[in-house]
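A short worksheet on the structure shown next.
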Amino acid sequence: MRKRLVAYGRLKPHHIAQLQQDFELDHFIQLESLEDPAFLTALANANGLINSSLKIPVALLDKAPKLEAIATISVGYDNYPVDALTQRNILLCNTPDVLTETTADTGFALIMATARRVLELADYIKRGEWQASIGEAQFGTDVHGKTLGMIGLGRIGAAIARRGALGFGMKVLYSNAAPKPHLETELGAEYREMDALLGEADFVCVTVPLTPQTKHLIGRREFALMKPSTIFVNIARGKVVDEPALIAALEKGEIQAAGLDVFEQEPLSPESPLPHMANVVALPHIGSATHETRDAMTQRAIDNICLALQGERPISLVNEAVWSQRQGTSSQTG
Ligand code: 8YV
């Protein structure tokens, strides 16, 4: 009998066709509530779930007793209760690698846009204010040759650091990551304790995943340690930063500017002052959002779920323990 798959989120017709070849597919583009009866019925029978951006609480797993695997169309998996999935022997697969370079491009776009005040000065022209040669009031800050402080130096952090070091001649510092001797050799990156990095870097760029340990990693104390000329960039998760503390630091001039792709609440509340501040470039979580990369992420998630539901090892697995346990069980019984 064909396995049943629930898909959540917008998918292209060729991706849907591919899934329908292998599975009985129930596809939901958007849900008013997790209590949607059609969704719950589909979930009750589902062997697999392919999901983009729906937060999955533990209670929902109780309603999916046949679930064997979830494939998320994202590298981040803070929307999933990983321990509960592991306890229930459910594989969780994600999409690293295929989005690394695109997300690093977004990070660097924020570095450039904030330092050179790209949006602010594009608006200045639109308002018809360019009536004489520009002066110091429109000057920005150099990026090349400056010090880039990476909070986190995983795949995406390393790709940003590489752009900084090799493309812009920046000195790279890093913290909150295991030592990376290969990047120290390749890029001349230097490890610093986080407080030291915050005081030394001209650009502080956050790329750590959201975990209980990194929630509000950057708050009032950390902004106070930065230089008034520091430009702060967050392309990780909004909750890694205490947003009221960030707003206060920008208002008080404790830091110069911020480039933000992620927020504590997404979509951003209309009440948030952040997109209206002249020294902020705010983007609607576009880190990996290019046609090519979103296609590649969806394809990776499809490959992951197909492999997982065929009993093969998915390409990118978050909870390795489930796979090891299954292998152990099958070698004992086989
Ligand atoms: C996701 C992201 O694609 O991959 C991630 O972790 O943050 C995004 O690029 C987006 O959340 C849609 O699932």
Side-chain angles (χ1 to χ4, degrees), residues 5-12 15-16 19 27-31 34 39 48-57 60 69-82 85 92-110 150-160 176-177 205-215 217-218 233-241 243 259-268 281-305 314-319:
L5 184 72
V6 170
Y8 178 83
R10 221 168 276 283
L11 292 171
K12 292 201 169 156
H15 288 137
I16 296 174
L19 290 170
H27 183 201
F28 299 84
I29 295 175
Q30 232 178 349
L31 287 175
L34 287 181
F39 180 65
L49 170 67
I50 183 164
N51 174 35
S52 146
S53 71
L54 184 66
K55 193 166 176 67
I56 307 289
L60 201 65
I70 300 180
T72 181
I73 308 177
S74 64
V75 65
Y77 44 87
D78 44 293
N79 273 344
Y80 299 88
V82 180
L85 288 169
L92 177 62
C93 320
N94 65 342
T95 63
D97 304 317
V98 291
L99 50 49
T100 300
E101 298 302 327
T102 298
T103 310
D105 286 347
T106 304
F108 227 87
L110 285 171
M150 299 301 305
I151 310 284
L153 199 64
R155 298 179 188 83
I156 295 170
I160 294 175
N176 278 73
C205 182
V206 181
T207 63
V208 286
L210 175 64
T211 64
Q213 292 72 39
T214 62
K215 185 168 181 210
L217 179 71
I218 308 292
V233 170
N234 186 7
I235 58 155
R237 285 291 184 263
K239 289 192 171 73
V240 174
V241 176
E243 213 163 86
L260 307 169
D261 188 42
V262 288
F263 302 88
E264 287 214 58
Q265 185 196 319
E266 293 180 8
L268 189 58
V281 175
L283 297 175
H285 198 147
I286 64 159
S288 62
T290 65
H291 293 290
E292 299 90 333
T293 294
R294 284 293 169 87
D295 260 7
M297 290 164 71
T298 306
Q299 191 57 55
R300 170 62 63 87
I302 291 174
D303 293 344
N304 279 334
I305 202 74
I315 304 163
S316 342
L317 188 53
V318 173
N319 51 0

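Note that ligands are numbered from 1 as they come in the structure, with each ligand's atoms numbered from 1 the same way. Note that the coordinates shown come from a computational prediction; the quantities given were computed from them, not determined experimentally. Just so it is clear, the values below take in all heavy atoms, side chains as well, and ignore hydrogens, waters and symmetry mates.
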Should you measure from each heavy atom of [X], which atoms of ligand 1 turn up under 4.0 Å away?
{"X": "Leu99", "result": "4 (O)"}
{"X": "Arg237", "result": "2 (C), 5 (C), 6 (O), 7 (O)"}
{"X": "His285", "result": "2 (C), 7 (O), 8 (C)"}

* Heavy-atom side-chain proximity of Ile156 to Leu99 below 4.5 angstrom -> yes
Residue, atom name and distance, where the atom is the protein heavy atom closest to [atom]:
{"atom": "atom 10 (C) of ligand 1", "answer": "Arg294 NH2, 3.9 Å"}
{"atom": "atom 3 (O) of ligand 1", "answer": "Met297 CE, 3.2 Å"}
{"atom": "atom 4 (O) of ligand 1", "answer": "Val75 N, 2.8 Å"}
{"atom": "atom 9 (O) of ligand 1", "answer": "Ser288 OG, 2.5 Å"}
{"atom": "atom 1 (C) of ligand 1", "answer": "Ser74 CB, 3.9 Å"}
{"atom": "atom 12 (C) of ligand 1", "answer": "Ile73 O, 3.9 Å"}

* **Other residues, nucleotides, ligands: >12 heavy atoms within 6.0 Å of Tyr77 OH** => no
* With heavy atoms under 4.0 Å as the rule, classify the contact between Glu266 and ligand 1 as side chain, backbone, both or neither. => neither
If you compare all heavy atoms of [X] against all heavy atoms of [Y], which two are closest, and at what distance to 0.1 Å?
{"X": "Asp261", "Y": "Gly287", "result": "OD2-N, 2.8 Å"}
{"X": "Leu11", "Y": "Ala7", "result": "CD1-CB, 3.8 Å"}
{"X": "Arg294", "Y": "Ala289", "result": "NH2-CB, 3.8 Å"}
{"X": "Met297", "Y": "Ser74", "result": "CE-CA, 3.9 Å"}

* side chain to side chain contact (heavy atoms under 4.5 Å, CB included) partner of Thr72, chosen from Asn94, Leu54, Ile305 -> Asn94
* **Asp303 and Gln299 side chains, donor-acceptor separation under 3.5 Å** => yes
* Asked: So is there a nitrogen or oxygen of Gly76 less than 3.5 Å from a nitrogen or oxygen in ligand 1?
  -> yes
